[in-house]
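Below is one structure, written out as C-alpha cells, with a few remarks after it.
What you see is a predicted model, and the numbers here were worked out from it, not measured in a lab. First the proteins, then the strands, lettered A, B, ... as listed; each starts at 1.
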2 protein chains.
Amino acid sequence: MPIRLRDIAQDLNLSTMTISKVLRGQTDVSAETKARVMKRVRELNYRPNIAARGLRTGQTSSIGIVVPRLGGAFIPVLVEALTEVFRRDGYSLIVGCADGDAENEERESELHLSRQVEALLFCVREDAADIPQPLKNSSVPVVLIGHRPARINLLSVGLREEEVGSLAATHLLACRSRRIAYMRGRRTAVADQRVTGFREALRDRNIPLREEWLVELDSEESEFAAAYIGVRKMMQSAPRPDGIVCSSDLAAAGCCSALQKAGFTVPEQVQIIGAGNSPEICEPFGLTSIDLSAAELGRRAARMTLRLIREADDASLRSMTLSPSLVVRTSTRAPS
Amino acid sequence: MPIRLRDIAQDLNLSTMTISKVLRGQTDVSAETKARVMKRVRELNYRPNIAARGLRTGQTSSIGIVVPRLGGAFIPVLVEALTEVFRRDGYSLIVGCADGDAENEERESELHLSRQVEALLFCVREDAADIPQPLKNSSVPVVLIGHRPARINLLSVGLREEEVGSLAATHLLACRSRRIAYMRGRRTAVADQRVTGFREALRDRNIPLREEWLVELDSEESEFAAAYIGVRKMMQSAPRPDGIVCSSDLAAAGCCSALQKAGFTVPEQVQIIGAGNSPEICEPFGLTSIDLSAAELGRRAARMTLRLIREADDASLRSMTLSPSLVVRTSTRAPS
DNA sequence: TTGAAAGCGCTAACAT
DNA sequence: ATGTTAGCGCTTTCAA
C-alpha cells in the first residue's frame, strides 16, 4: 500500500491540506512546518498519486503517442526528441506501440484517451490510408507525425517526401552521374512521392529516365536481398546506370554489396545514395544518405503540441512539412 | 471536455450506476436498457476515465518500464515482446525513456510509481553499478531486466553473459580456428563477463590466448571505426589470428570491412563472429552472431511480472538467466 | 432490475 | 499559518 497524504498528516498532527501545500511549494506555510513535513515525506518515500491529482485538477501532465513499431532508425530518434522537449515543460510522454497492427493502433489511441492525456500524437504508418477512428473526434488536440492521409484534416508535422527523391537525384547529377536509376520501395503513398520528386528532378534537367532503371524491390525478400538481386538485373541493361538512388539505406547496402561483388567500383563506376541515414548501416558502407530529420520533426511536433494544449484552438497553428537533408559519405563522388 | 458517465445517465434518465454496470458487463441490467445505453455510449464516443476508475478500484492495469534508450536492436524487441504478453492480460505497458541518464532513470521510475503502476520493470544499463533509489523500497513489485548489479537483491531476468563469449569461442573452435582473438567492448561488468566466458572456453580446450589478441575498442571512436582500426593492428601480430570474436555486430562489421580491404578473405582466412544479431548489420555482412534473446527475455520477464502482481510475494519466484543462441551466417565456415 | 450513498487521494476555494 | 468543505469520475455496497 502506497503512503497517502493523510498518513503523513496524521503522523504529524496536521491537516492533509498543509501537507499538500508544502508539496506543491505554496508559500503560506511556516518554515518549520515545511521542514517537518519534508522530512517525513522523505522518510516514508511518499509519492503523490498522479491519478488522484489529475482527477481533481483536470491536468494529467501527460501526452500520449502511438507508434507503429519501436525499431528502426526513425522512431527512436523521434520519440527521444519529443520526450526531451516535453520533459522540459513538465510533461511526460506515454508511448504506446501498436506492433504494426491497425487494430492495436485503435486500442492504444483509446487507452491514451482513457488515461486523459492532454494531447495525442500519432505516428502514421507509411502504408496507411486512414487513421484510427478515435483520433477523428478526439476531445483533446491531436497531431499527426509522418505523412497525412488524404482527406484527413488534422494538424500534422511531416517530411517533404518528394524532396527525398529530388535531393538524391540532384546530388548525383552534381556528382556527374547522368544515367541515374531508382530502386523504389513497396507501393505506399510515401514511396510514390519520393519517386515523383526523383522524376521531376531529372525532368527539370532534361535527363531521361529509362523505365528499366526504375525497379521496385521484391517484397518477398528482405530489402537488402531484394536490392542485391534487383541491382544485378539493372546492371545488365545497356547502357548501364552510373548512379542509383535507393529508397532505404538497407537497399543501398544491398546495392553496394552486389556491385562490389560483381566487380564494379563504388563510387567511381556507380554512385549510390540511400535514405534514412541510419548510422549503423551508413557507416560500414560509407553510404551517402538522405536524413529524414526525425529529431527536428520531433521537436517541431512537440512544440506544436504544447501550444495546442495551452492555447486551445489557436488558429495560427498550421500543419508543416520539413525538408530532408543530404549527408555525404563516400558512396558518392565529390561534386564538381 | 470528455463525456462522463453522468452525461449519459442524464441523457437517458438513468443513474450513473446503471451505465457503469452496462459498461462493465454486469448481468443485472435489462437487455433493453443495455441496448439503449450502448447506443448512446457509441454515439457520444464515451471512454471511461481510467484514472478515476483506478482511484476507486486500486487497479490501474498498467505496468511501467524504464529503459535507458529506445534505439538499437535489443530494447525495441524486448519492449514489443513485453507489450504483447501484457496486452493479452489486459495490462498496458508504459514506456519511460531515460536518454541514458541516471537522473532521468530516477525521475521516470518515480513517475511510474506516482502513476500507480502495478509493477515496475527496469532495464539496467550495461555500465550501471547501481539502480535508482525509488526501486529499492518500492511498494509494488520490481523486476530488473539485463544484468543485476552486485548487492542488489531484486528479482531479475538476465542473460548468461559469459555464454556469449564461450558460445562464440566454441563455435570458432568447431570451425577449425585455433588462433582466436577477442575484440572487447568498453569496460563494463557485462563486457567483463563475456571476456571471462571467452577465456574459459579457450582454457577448457587448452588453446592459448595471446594478450595482443585481446583488444579493447577505442571509446573515442564509433564501434565500427574502432574495430576497423583495432583489427589492422591485430593482424600485424605474428602469428596472426584466424578467428575474431567481437563484442558487438557493429564491431564485427568493422573487422570484416578492414580485413576485406587489407586483402584477407572472410571466412577462409579469418572467421568473424559478432554479438547482438541485429538483422540490419548482420545480413549485409553475412555475419554469424550471438543472439541476445531479447524477445524471450521479454516474455519471461512479462510472465514473471504478472505472477508477482497476482500472487503478491510468491516465494517460488526466483531470478533467472537465459542462454544466448548462435545464429550462423557466412562469416564463419561450416563446422567440421 | 434499478438506484442512493459513500469514498478512493487529491486540491480549489474559502474559512478561521 | 492552518484547517474545513466539497467534489473530480468512477465503483463498491447495500437498499428499494
**Q.** Smallest separation among heavy atoms of Ile65(B) and Leu120(B), with atom names
**A.** N-CD1, 4.4 Å
**Q.** Non-hydrogen atoms of Pro324(A) and Ser293(A) that approach each other most closely
**A.** CA-OG, 3.8 Å
Q) Which sits closer to the 5' end of DNA chain C, Leu5(A) or Thr18(B), going by the nucleotide each is nearest to? A) Thr18(B)
Q | Which nucleotide in dC10(D), dG3(C), dG9(C) has an atom nearest any side-chain atom of Met17(B) | A | dG3(C)
Q. Of the nucleotides dA5(C), dG9(C), dA13(C), which one has an atom closest to the side chain of Arg4(A)?
A. dG9(C)
Once you round it to whole Å, what is the distance between [atom2] of [N] and [atom1] of [X]?
X	N	atom1	atom2	value
Arg56(B)	dG9(C)	CZ	P	10 Å
Gln26(B)	dT11(D)	CD	C1'	9 Å
Arg115(B)	dC10(C)	CZ	P	15 Å
Ile50(A)	dG9(D)	CD1	C1'	18 Å
Asp7(B)	dC10(D)	CG	P	9 Å
Asp28(B)	dT12(D)	CG	P	12 Å
Arg24(A)	dA1(D)	CZ	P	16 Å
Arg53(A)	dG9(C)	CZ	P	15 Å

Q: Ignoring hydrogens and angles, answer whether the base of dT11(C) and the side-chain atoms of Lys21(A) contain a donor-acceptor pair closer than 3.5 Å.
A: no
On the nucleotide [N], are OP1 or OP2 found under 4.0 Å from the side-chain N or O atoms that [X] carries?
X	N	value
Ser15(B)	dT2(C)	no
Ser30(A)	dA1(D)	no
Tyr46(A)	dG9(C)	no
Thr16(B)	dT11(D)	no

Q) Which part of the nucleic acid, if any, lies within reach of Asn49(A) when heavy atoms closer than 4.0 Å are counted: base, sugar-phosphate only, or nothing? A) sugar-phosphate
Q.
Looking at Arg107(A) and Glu110(A), is there a salt bridge between them, counting it only when a charged N and a carboxylate O are closer than 4.0 Å?
A. no
Q.
Test side chain to side chain contact (heavy atoms under 4.5 Å, CB included) on Arg115(A) and Ile94(A); report intermediate values, then the result.
A. CA-CA 10 Å; Arg115(A) 275 206 176 83; Ile94(A) 304 186; 4.2 Å; yes
**Q.** Nearest-0.5 Å distance, CZ of residue Arg300(B) to CD1 of residue Ile145(B)
**A.** 13.0 Å
